[in-house]
Amino acid sequence: MNGEELTEQETALYDRQIRVWGVDAQRRLSKSHVFVSGLKGTVIEFCKNIVLAGVGSLTLNDDNPVTEEALAANFLIPFDENMGGGGSLAELCCDSLKDFNPMVHVSVEKGDLSSFDVDFFEKFDVVVISCCSLAAKKSVNEKCRKLSKRVAFYTVDCRDSCGEIFVDLQKYAYAKKKADETVECQLQYPSFEEAIAIPWRSLPKRVSKLYFAMRVVERFEEVERRKPGETSIEDLPNVLKLRNELCLAHSLNESQIPDALLERLVASTKEFPPVSAVLGGILGQEVIKAISGKGDPLKNFFFFDAVDGKGLIEDISTS
């Protein structure tokens, strides 16, 4: 990021990667700073991938204690009878990630995500948040957009066998190869708040049903003041009622948000490890693209459902 060259040690360690995406891309990676909040299975997969790829630094934020559910989805937590020995998720994951690649500086930032002001995010090039409320997604995205430099913003959510990634690269320029020449391209991204505010009736009919279903569950948690994932099968009647109200308001047929899909999202909020691996891999790949400026980046939603095994990219924006 600041023009520094790779050290001999970095060049030797990342030799294979340099052969794939070039020394300039690796240099950018090695000078980049990434912030991650919400350390569940999908984000852990992502952290592993970018630490192995060789980012400059990774800052972890998650003050939650270790639970049995976390142990089931987080391979970075050392198993012991004391459930992690009393440390927070971020502290335990930090210790494990340092062993993956000693050349990456991994640290912990304590505090609630909502307590960090605009200036806090100035020191990062990439911000990834997960397991947070609708209000937190909007707020952190907006703070990143207020900065004088461009900070790549991502949200990722995995519920049972379904997952969603959202990307905001603001005004983003990148290079791609076309035939025998390199072409300069540019994309304009909407914020998360702008993207979900687009009327459903104006979206193409082919848009993933998972997009609508995630918005319904998100809205339900906000109305009921629930933390992300704090739903159960007992909530399904009220979730379906809210679905009907939103469909009526947006002139959308209720069949676009099937009962069975909503039931899966509210009844089983634990992450399905194979889906976490897929989403974490895609997210890592996209962050590497954003940092290096090489390759077509995802715009702006990615959905994956293990039931049909399909991954779909949806450009939900006004431009």
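If you're wondering where the values come from, they're calculated on a predicted model, not measured in any experiment.
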Query raised in the report: Only one of Ser107, Cys94, Ser88, Ser37 forms a side chain to side chain contact (heavy atoms under 4.5 Å, CB included) with Leu60, so which one is it?
Result: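 Testing each of Ser107, Cys94, Ser88, Ser37 against Leu60, the sole residue satisfying side chain to side chain contact (heavy atoms under 4.5 Å, CB included) is Cys94.
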Report task. State plainly whether one hydrophobic cluster holds both Ile282 and Met214, where clusters connect Ile, Leu, Val, Met, Phe, Trp and Tyr through side-chain heavy atoms under 4.5 angstrom apart. Result ->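 In one cluster: no.
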Charged N to carboxylate O under 4.0 angstrom, [X] versus [Y]?
{"X": "Glu91", "Y": "Lys110", "result": "yes"}
{"X": "Arg243", "Y": "Asp259", "result": "yes"}
{"X": "Arg226", "Y": "Asp235", "result": "yes"}

Report task. Please report the C-alpha distance between Gln256 and Cys247 in whole Å, then the side-chain angles of each, then the deciding distance to 0.1 Å, and finally whether the side chain to side chain contact (heavy atoms under 4.5 Å, CB included) criterion is met. Result -> CA-CA 9 Å; Gln256 287 294 99; Cys247 284; over 6 Å; no
Which atom pair, heavy atoms only, marks the closest approach of [X] to [Y]?
{"X": "Arg264", "Y": "Cys162", "value": "NH2-SG, 3.1 Å"}
{"X": "Ala175", "Y": "Thr182", "value": "CB-CG2, 3.7 Å"}
{"X": "Leu169", "Y": "Pro297", "value": "CD1-CB, 3.9 Å"}
{"X": "Glu45", "Y": "Gly280", "value": "CB-CA, 3.9 Å"}
{"X": "Cys131", "Y": "Lys40", "value": "SG-CD, 2.9 Å"}
{"X": "Arg28", "Y": "Ser292", "value": "CD-O, 3.6 Å"}

How far does [atom1] of [X] sit from [atom2] of [Y], to the nearest 0.5 angstrom?
{"X": "Cys47", "Y": "Leu97", "atom1": "SG", "atom2": "CG", "value": "6.0 Å"}
{"X": "Leu262", "Y": "Phe212", "atom1": "CG", "atom2": "CZ", "value": "12.0 Å"}
{"X": "Leu58", "Y": "Phe46", "atom1": "CG", "atom2": "CZ", "value": "7.5 Å"}
{"X": "Leu240", "Y": "Glu263", "atom1": "CG", "atom2": "CD", "value": "8.5 Å"}

Requested in this report: I would like to know whether Asp168 and Asn300 meet side chain to side chain contact (heavy atoms under 4.5 Å, CB included); could you show each step before the answer?
Outcome: CA-CA 7 Å; Asp168 176 18; Asn300 55 345; over 6 Å; no
Query raised in the report: How would you list, by chain and number, every residue that makes a ring-ring contact (aromatic ring centres under 6.0 Å, His included) with Phe303, sequence neighbours excluded?
Result: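 With neighbours one apart ignored, the set is Phe301.
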Query - Phe35 and Phe116 aromatic ring geometry - parallel, tilted or perpendicular at 30°/60° bounds - result: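 The rings of Phe116 and Phe35 stand perpendicular, inter-plane angle above 60°.
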Taking salt bridge (Lys or Arg N to Asp or Glu O under 4.0 Å) as the definition, give me every residue that meets it alongside [X], ordered by chain and number, with sequence neighbours left out.
{"X": "Asp63", "result": "none"}
{"X": "Lys137", "result": "Asp157, Glu218"}
{"X": "Lys227", "result": "none"}
{"X": "Glu271", "result": "none"}

Within a 6.0 Å radius of atom [atom1] on [X], are there more than 12 heavy atoms belonging to other residues, nucleotides or ligands?
{"X": "Gln170", "atom1": "CD", "result": "yes"}
{"X": "Lys123", "atom1": "NZ", "result": "yes"}
{"X": "Glu8", "atom1": "CD", "result": "no"}

Query raised in the report: Where do Tyr211 and Leu203 land on the side chain to side chain contact (heavy atoms under 4.5 Å, CB included) test, with the steps shown first?
Result: CA-CA 11 Å; Tyr211 169 77; Leu203 297 174; 3.8 Å; yes
Report task. Would you sort out whether Ile288 and Trp21 count as a side chain to side chain contact (heavy atoms under 4.5 Å, CB included), showing the intermediate values? Result -> CA-CA 10 Å; Ile288 289 171; Trp21 52 54; 4.1 Å; yes
Distance-only criterion, 3.5 Å: show the donor-acceptor pairs between side-chain atoms of residues 147-154 and protein atoms not counting sequence neighbours.
from: Lys149; atom 1: NZ; to: Glu122; atom 2: O; distance (Å): 2.9
from: Lys149; atom 1: NZ; to: Phe124; atom 2: O; distance (Å): 2.9
from: Tyr154; atom 1: OH; to: Glu286; atom 2: O; distance (Å): 3.4

Requested in this report: Output, in order, the C-alpha distance, side-chain angles, deciding distance and verdict of salt bridge (charged side-chain N to carboxylate O under 4.0 Å, His left out) for Glu10 and Arg27.
Outcome: CA-CA 9 Å; Glu10 287 173 321; Arg27 180 187 63 80; over 6 Å; no
